[in-house]
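Below is one structure; the comments refer to it alone.
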Amino acid sequence: MTEDALTLLCQDTEHIHSREELATKLKSGRPLRVKLGVDPTAPDIHLGHAVQLRKLRQFQDLGHQVVLIIGDFTAMIGDPSGRSATRPPLTHEEVLENAKTFTEQAFLILDKDKTETVYNGDWFSKMPFQEVIKLNAKVTMQQMLQREDFRKRIDSHQEVRLHEIQYPIMQGWDSVVIRSDVEIGGTDQLFNVLVGRDLQKGEGMDPQVVMTLPLLEGLDGNKKMSKSLGNYVGLTDVPDDMFGKLMSISDELMPRYYRLVLGEDMDAEMHPMEAKKQLAAKTVALYHNNDAAQAARTNFENKFAKGSLEEADLPEVDCPPAESPLIAFVSQVYQQTFDQKRSNGDIRRLIQQGSIQLNGEKLSDPKATLTLRAGDVLKLDKKRLIRLR
RNA sequence: GGGUAGAUUCCGGAGCGGUCAAACGGGGCAGACUGUAAAUCUGCUGGCUAUGCCUUCGAAGGUUCGAAUCCUUCUCUGCCCA
């Protein structure tokens, strides 16, 4: 029984320190306190976060207690992990605002009843300076400088600010405060999480088990998924977007997405396009529902299979008056339908390059005027099409 | 505290008085190709009421017919020494 649980929990992890310790803790029979710290630097959760949240959910399903730490205090410092430059600080208001939607979305995956949500500002904002100094005395400069991120920056003559060095210490102290048994994080969190072990030992506690999970690559297949790089799939993306974004990943990336997003193995025999469509559909089904997944798939197929545009479910836009200037109309559609600001120069470029198409015909004259009829389909760029009403 | 180097468009990084909206690379966007993609190739990549005009080269002043380029002060950063 414990063996099964152990195997399950260790599945799809990158690094565990250590499996034996985890086994011992599991054998104790009490619900373990499993920590995940998140800094809500952006308001939305994406599939990269989901990898970790799904692991937490496994713990919950086995009866354990999740402690979700909202780093409202640490977010203002910014985690230097993987950063080649100091993060721009966020205001506390921004962080709290983000935290609201962030936790809401986290419960799309987590079981709310088995989750304790705490804010680390609760203890850090009240910590007297004396205590800060004491805390700093518990670690050495050399320990902190072991970190590759800092090393690299020092070697390449970039600045490292002292507050950034506080970050791992604070994250470690979180573990002491909430008395965590296990801490989960991405591979880039290994250092920070290990600091937690040290600090817990220093306080005479049984140190937490460290469990790191693979970082999901973003849509570009290169860098880790993150909002700021724009290579993410949001948990709350509408089905069509979610599907479309997943279809844009490379074939090489697919098995990894199957494992980390769905927790299953890809059928290597399947035609890659079909495999990708199933990956996309299953993901949509997971965060929306089966009907939405089916609809998104049909839509995608219609949009991209030539001649089936009439079938596709596209955003509708009212016909402009006859003889409307093309540029002005396109600009307005970007703004109103897709909430994107595009300069006229930008749109002119799209036209000249043949991106703007009416019923499949390229409109390449930037000075053209248009007379549109209901039912016409206008393509703006790869991802955006509209239907006239 | 002393010395020294530097701050350029999304990023890296040229430019060192006019030919600079600013080389080149990356990224991004578009087209072709394809199995949606990826890869590859090609084009574009400050704004505008557009063969011209406007705003940009850390900030503010100044010199000059003319400044990203020269001068002054300021702000910030790296490196070396203490």
Taking the same atom, [atom1], in [N] and in [M], what whole-Å distance lies between them?
N	M	atom1	value
B/C11	B/C65	C1'	37 Å
B/A14	B/U69	C1'	13 Å
B/C16	B/A23	C1'	14 Å
B/G15	B/C24	C1'	12 Å
B/U8	B/G46	C1'	14 Å
B/C57	B/C10	P	11 Å
B/U49	B/A60	P	27 Å
B/C29	B/U77	P	34 Å

Item to check | Atom pair CD1 (A/Ile169) and CD1 (A/Ile165), whose distance is rounded to the nearest 0.5 Å | outcome: 8.0 Å
Nucleotide forming a Watson-Crick or wobble pair with [N], both distances under 3.5 Å:
N	value
B/G1	B/C81
B/C24	B/G12
B/U55	none
B/U72	B/A60

Over how many whole Å does the gap from [X] atom [atom1] to [N] atom [atom2] extend?
X	N	atom1	atom2	result
A/Met270	B/U36	CE	C1'	15 Å
A/Asp346	B/C29	CG	C1'	8 Å
A/Glu252	B/G35	CD	C1'	14 Å
A/Leu253	B/A39	CG	C1'	14 Å

Can you identify which nucleotide, out of [options], has its nearest atom closest to the [X] side chain?
X	options	value
A/Asp381	B/A37, B/A30, B/A50	B/A30
A/Arg161	B/A37, B/U49, B/U77	B/U77
A/Lys276	B/U49, B/U77, B/U36	B/U36
A/Lys362	B/U36, B/A50, B/A32	B/A32
A/Arg349	B/C76, B/U45, B/A38	B/U45

Checklist entry - Are any side-chain N or O atoms of A/Asn98 and backbone N or O atoms of A/Pro40, one a donor and one an acceptor, separated by less than 3.5 Å? => result yes
Checklist entry - Checking A/Gln105 side chain against A/Ile45 main chain: does a donor-acceptor pair fall under 3.5 Å? => result yes
With a cut-off of 3.5 Å and sequence neighbours excluded, list every side-chain donor-acceptor pair involving residues 233-242 of chain A.
{"unit_1": "A/Asp237", "atom_1": "OD2", "unit_2": "A/Gly234", "atom_2": "N", "d": "2.9"}
{"unit_1": "A/Asp237", "atom_1": "OD2", "unit_2": "A/Lys245", "atom_2": "NZ", "d": "2.8"}
{"unit_1": "A/Asp240", "atom_1": "OD2", "unit_2": "A/Asn299", "atom_2": "ND2", "d": "3.3"}

Between the protein and nucleotides 10-13 of chain B, which nitrogen or oxygen pairs come in under 3.5 angstrom?
none

Next on the checklist: A/Leu358: which residues meet the side chain to side chain contact (heavy atoms under 4.5 Å, CB included) condition with it, sequence neighbours left out?
Outcome noted: A/Leu363, A/Leu372, A/Asp376, A/Leu378
Next on the checklist: Taking the nucleotide of RNA chain B with the nearest heavy atom to each, does A/Met273 or A/Ser343 sit closer to the 5' end?
Outcome noted: A/Met273
Item to check | Position toward the 5' end of RNA chain B (nearest nucleotide), A/Lys223 or A/Lys277 | outcome: A/Lys223
Item to check | Test applied, side-chain contact (heavy atoms from CB on, under 4.5 Å); reference residue, A/Val210; option that passes from A/Ile184, A/Leu194, A/Asn192, A/Ile16 | outcome: A/Leu194
Find every protein N or O atom lying less than 3.5 Å from an N or O atom of nucleotides 79-82 of chain B, and list the pairs.
none

Item to check | Verdict with supporting geometry, A/Arg19 and A/Leu6, side chain to side chain contact (heavy atoms under 4.5 Å, CB included) | outcome: CA-CA 8 Å; A/Arg19 199 183 161 109; A/Leu6 188 62; 3.9 Å; yes
Checklist entry - How far apart are the C-alpha atoms of A/Lys152 and A/Asp155, what are their side-chain angles, what is the distance that settles it, and do they pass the salt bridge (Lys or Arg N to Asp or Glu O under 4.0 Å) test? => result CA-CA 5 Å; A/Lys152 265 193 204 152; A/Asp155 290 346; over 6 Å; no
Residues two or more places apart in sequence or in another chain: which of them pass salt bridge (Lys or Arg N to Asp or Glu O under 4.0 Å) with [X]?
X	answer
A/Arg297	A/Glu274, A/Glu301
A/Arg348	none
A/Arg256	A/Glu217
A/Asp291	none

Under 4.0 Å, heavy atoms only, any strand: does [X] hit a base, just the sugar-phosphate, or nothing?
X	answer
A/Lys379	sugar-phosphate
A/Lys382	sugar-phosphate
A/Arg297	nothing

Item to check | Any A/Ser248 side-chain nitrogen or oxygen under 4.0 Å from OP1 or OP2 of B/U36 | outcome: no
Item to check | Side-chain N,O (A/Ser250) to OP1/OP2 (B/A39) below 4.0 Å | outcome: no
Checklist entry - Is there a donor N/O on one and an acceptor N/O on the other, under 3.5 Å, for the side chain of A/Asn344 and the base of B/G47? => result no
Next on the checklist: Using a strict heavy-atom distance below 4.0 Å, which residues from residues 353-361 of chain A are in contact with RNA chain B?
Outcome noted: A/Gln353, A/Gly354, A/Ser355
Checklist entry - Which residues within residues 333-342 of chain A lie with some heavy atom under 4.0 Å of an atom in RNA chain B? => result none
Checklist entry - Regarding A/Lys55 and A/Gln58, is there a side-chain donor-to-acceptor distance under 3.5 Å anywhere? => result yes
Hey, what are the protein-to-nucleotides 4-9 of chain B N/O distances that come in under 3.5 Å?
none

Checklist entry - How are the rings of A/Phe59 and A/His64 set to each other: parallel, tilted or perpendicular (split at 30° and 60°)? => result perpendicular
Checklist entry - Can you list every pair that meets side-chain hydrogen bond (donor to acceptor under 3.5 Å, both in side chains) and has a residue in residues 279-288 of chain A, with sequence neighbours left out? => result A/Glu264-A/Lys282
Checklist outcome for this item: Per ring-ring contact (aromatic ring centres under 6.0 Å, His included), A/Phe73 is matched among A/Trp123, A/Tyr119, A/Phe124 by A/Phe124
Item to check | Over all atoms of both residues, closest heavy-atom pair of A/Gln208 and A/Val182 | outcome: CB-N, 4.1 Å
Checklist entry - Taking all non-hydrogen atoms of both residues, which atom of A/Ala42 and which atom of A/Phe102 are closest, and how far apart? => result O-CD1, 3.5 Å
Next on the checklist: With side chain to side chain donor-acceptor pair (under 3.5 Å) as the test, pick out the partner of A/Ser175 among A/Glu183, A/Arg197, A/Arg33.
Outcome noted: A/Glu183
